[in-house]
Enquirer: 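I'd like to ask some things about the structure below.
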Amino acid sequence: MVISEPSVQSLFLVAAVNGQQLGSATGFIVVRGEQPYLITNWHVASGRNPETGQPRSNTGATPDTLHVPMLLPPRQDRIEWKSTPYKLLNEDGSAAWLEHPHYGRRVDVVALPLGRVDEGFELHPYQLESGAPRLRSQVSDFVNIVGFPFGRTAGGVFAIWTKGAIASEPDVDFEDLPCFLIDARTREGQSGSPVIAYSPGGPTVLSDGSLAGFNGPVTNLLGVYSGRINERSDLGRVWKSSVITELIDGGVPGKGTLMP
């Protein structure tokens, strides 16, 4: 069985409060200084609209836990996952995640320190400082959003790949925030998905315009998807991968309340 690495790097998240499911989303893991972090959107972890601070659920409830199926080591040609709960709140009720040190919840991305991770799990993190060749990622170039639309999987807990095109200059901050736009038919459940430039191998155009040939896949993490700019548009925001390093290194505790 041949499985593309990004299909297992994306994690299926179930947000719950007091054991009751509120919704599903997507996340992925990065490792910084040997500490693993779960990356997803602020609105997924808080259960609130990042612009208004209001609960997204019509019940008014917000999550206290993310349930994450974690990959187990394969055996006898079988691939299995084990659902694992990760607390979103500390004992004093404060948020357990980190958010951007300058923009706060205006950057719709959080990093949840996972603490001790069961050694029986297989972690497949994205590399923040990857040595992989840089694929061309310019306006009109295709990207992949790897996640779980409508809470669906591609079998087991393998992610579903959605293709889109870069719709704004990726080196220019859209609305003066560290994000850019893609044009893609994304739907609920894909919030928190990694957005990647991906080549399965063979002749590939690099960021400097040169052509290179690869014997295997090459993946570049471009950012974190957080949803469409409005319900009528297929344009969606992608928060640049640089914000992940900034919010982890900045170490600002998150806010799950209405506080600005």
Enquirer: Are Ile196 and Ile166 connected into the same hydrophobic cluster when the rule is that any two of I, L, V, M, F, W, Y join if their side-chain heavy atoms are below 4.5 Å apart?
Expert: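 The answer is no; the residues belong to distinct hydrophobic clusters.
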Enquirer: Any ring pair (Phe, Tyr, Trp, His ring centres under 6.0 Å) involving residues 6-34? Give me the pairs, sequence neighbours left out, ordered by first then second residue.
Expert: Phe12-Phe148, Phe28-Tyr126
Enquirer: Main chain of Ser233, side chain of Asn230: is a donor-acceptor contact present, judged purely on distance under 3.5 Å?
Expert: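 Yes, because the side chain of Asn230 sits within donor-acceptor range (under 3.5 Å) of the backbone of Ser233.
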Enquirer: Does the side chain of Val68 reach to within under 4.5 Å of the side chain of Ser83, using non-hydrogen atoms?
Expert: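 Not touching, per the 4.5 Å side-chain cut-off.
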Enquirer: Members other than Ile160 in its cluster, when Ile, Leu, Val, Met, Phe, Trp, Tyr link by side-chain heavy atoms under 4.5 Å?
Expert: none
Enquirer: Heavy atoms, side chains only, cut-off 4.5 Å: are Leu71 and Ile79 in contact?
Expert: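 The answer is yes; the side chains approach within 4.5 Å.
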Enquirer: Taking side chain as C-beta onward, heavy atoms only, is Leu247 less than 4.5 Å from Val109?
Expert: yes
Enquirer: Is it true that a side-chain atom of Thr65 and a backbone atom of Lys87 form a donor plus acceptor pair closer than 3.5 Å?
Expert: no
Enquirer: Of all heavy-atom pairs between Glu34 and Pro36, which one has the smallest distance, and what is that distance?
Expert: O-CD, 3.5 Å
Enquirer: Kindly determine whether His100 and Arg106 satisfy side-chain contact (heavy atoms from CB on, under 4.5 Å), including the steps that lead there.
Expert: CA-CA 8 Å; His100 199 276; Arg106 293 181 65 204; over 6 Å; no
Enquirer: Under the side-chain contact (heavy atoms from CB on, under 4.5 Å) criterion, do Asn41 and Val110 qualify, and how do the steps go?
Expert: CA-CA 6 Å; Asn41 292 144; Val110 299; over 6 Å; no
Enquirer: Less than 4.5 Å apart, any side-chain heavy atom of Leu38 and any of Leu13?
Expert: yes
Enquirer: Run the side-chain contact (heavy atoms from CB on, under 4.5 Å) check on Asp64 and Leu88 step by step: do they pass?
Expert: CA-CA 5 Å; Asp64 58 19; Leu88 289 167; 5.6 Å; no
Enquirer: Test question: given the 4.5 Å side-chain rule for I, L, V, M, F, W and Y, name all other residues clustered with Val252, or answer none.
Expert: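 Once heavy-atom contacts under 4.5 Å are chained together, Val252 still belongs with nothing else.
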Enquirer: Short question: side chain of Arg48, backbone of Gly53 - any donor-acceptor pair under 3.5 Å?
Expert: yes
Enquirer: With no hydrogens and no angle check, is any side-chain donor or acceptor of Asp92 less than 3.5 Å from a backbone partner on Ser94?
Expert: yes
Enquirer: Give the table of side-chain donor-acceptor pairs shorter than 3.5 Å for residues 216-228, with sequence neighbours excluded, one pair per line with atom names and distance.
Expert:
unit_1	atom_1	unit_2	atom_2	d
Asn220	OD1	Leu135	N	2.6
Asn220	ND2	Pro133	O	3.0
Tyr225	OH	Thr186	OG1	2.3
Tyr225	OH	Arg228	N	3.4
Ser226	OG	Trp239	NE1	2.9
Arg228	NH1	Glu231	O	3.3

Enquirer: With sequence neighbours left out, which residue pairs that include part of residues 242-254 fulfil the salt bridge (Lys or Arg N to Asp or Glu O under 4.0 Å) condition?
Expert: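 Sorted pair list: Arg32-Asp249.
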Enquirer: Hydrophobic cluster membership, with links at side-chain heavy-atom distances under 4.5 Å among I/L/V/M/F/W/Y: are Leu177 and Ile182 in one?
Expert: no
Enquirer: Answer yes or no: is there a donor N or O on one side and an acceptor on the other, between the side chain of Asp183 and the main chain of Ala167, under 3.5 Å?
Expert: no
Enquirer: Arg187: which residues meet the salt bridge (charged side-chain N to carboxylate O under 4.0 Å, His left out) condition with it, sequence neighbours left out?
Expert: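 Checked Arg187 against salt bridge (charged side-chain N to carboxylate O under 4.0 Å, His left out); matches are Asp234.
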Enquirer: Quick one: closest heavy-atom pair of Thr62 and Leu22, and the distance?
Expert: C-CD1, 3.6 Å
Enquirer: Where the side chain of Thr40 meets the backbone of Thr26, is there a donor-acceptor pair that is under 3.5 Å apart?
Expert: yes
Enquirer: Would you say Leu123 and Met70 make side-chain contact, with heavy atoms under 4.5 Å?
Expert: yes
Enquirer: Keeping Asn49 on the side-chain end and Gln54 on the backbone end, is there a donor-acceptor pair under 3.5 Å?
Expert: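 No; zero donor-acceptor contacts below 3.5 Å.
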Enquirer: Leu89, Tyr37: one ILVMFWY side-chain cluster at the under-4.5 Å cut-off?
Expert: no
Enquirer: Could you go through the salt bridge (Lys or Arg N to Asp or Glu O under 4.0 Å) check for Asp208 and Arg134 one step at a time?
Expert: CA-CA 8 Å; Asp208 62 3; Arg134 300 303 300 176; over 6 Å; no
Enquirer: Give a yes or no on whether the ring-centroid distance for Phe158 and Trp81 is below 6.0 angstrom.
Expert: yes
Enquirer: Are side-chain heavy atoms of Asn144 and Thr162 found at a separation under 4.5 Å?
Expert: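 They are not in side-chain contact.
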Enquirer: Mind checking the CG-CD spacing from Asp171 to Gln138? Nearest 0.5 Å is all I need.
Expert: 9.0 Å
Enquirer: Taking Ile244 as the starting point, is it possible to reach Ile29 by hopping between hydrophobic residues whose side chains are less than 4.5 Å apart?
Expert: no
Enquirer: Are any of the side-chain heavy atoms of Pro113 and Gln35 separated by less than 4.5 Å?
Expert: yes
Enquirer: Is Leu114 linked to Leu11 within one hydrophobic cluster, defined over Ile, Leu, Val, Met, Phe, Trp and Tyr using a side-chain heavy-atom separation of less than 4.5 Å?
Expert: yes
Enquirer: Kindly write out the residues that satisfy side chain to side chain donor-acceptor pair (under 3.5 Å) with Asn18, not counting sequence neighbours, or none if the list is empty.
Expert: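 Once residues adjacent in sequence are excluded, Asn18 has no partner under the side chain to side chain donor-acceptor pair (under 3.5 Å) criterion.
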Enquirer: Residues in side chain to side chain donor-acceptor pair (under 3.5 Å) with His102, at least two apart?
Expert: none
Enquirer: Check whether Ser4 reaches the backbone of Ser7 with its side chain - one donor and one acceptor, N or O, closer than 3.5 Å.
Expert: no
Enquirer: Not counting sequence neighbours, which residues clear salt bridge (charged side-chain N to carboxylate O under 4.0 Å, His left out) with Arg237? List them please.
Expert: Glu175
Enquirer: Determine which pairs satisfy ring pair (Phe, Tyr, Trp, His ring centres under 6.0 Å) with at least one residue from residues 160-212, sequence neighbours left out, and list them in order.
Expert: Trp161-Tyr198
Enquirer: Does Gln190 reach the main-chain N or O of Gly147 with its side chain, forming a donor-acceptor pair under 3.5 Å?
Expert: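 No, because the side chain of Gln190 does not come within donor-acceptor range (under 3.5 Å) of the backbone of Gly147.
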Enquirer: Determine whether Val146 and Ser193 make a side-chain contact, defined as any pair of heavy atoms from C-beta on separated by less than 4.5 Å.
Expert: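 Not touching, per the 4.5 Å side-chain cut-off.
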Enquirer: Residues two or more places apart in sequence or in another chain: which of them pass salt bridge (charged side-chain N to carboxylate O under 4.0 Å, His left out) with Glu80?
Expert: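 In terms of salt bridge (charged side-chain N to carboxylate O under 4.0 Å, His left out), with neighbours along the sequence ignored, Glu80 is linked to Arg75, Arg78.
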Enquirer: Taking side chain to side chain donor-acceptor pair (under 3.5 Å) as the definition, give me every residue that meets it alongside Ser191, ordered by chain and number, with sequence neighbours left out.
Expert: His43
Enquirer: With distance as the sole test, does Ser46 use its side chain to make a donor-acceptor pair with the main-chain N or O of Trp42 at under 3.5 Å?
Expert: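 Checking the backbone N and O of Trp42 against the side chain of Ser46, a donor-acceptor pair under 3.5 Å is found.
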Enquirer: Within this structure, what is the CD-CG distance for the pair Glu51 and Asp108, rounded to the nearest 0.5 Å?
Expert: 9.0 Å
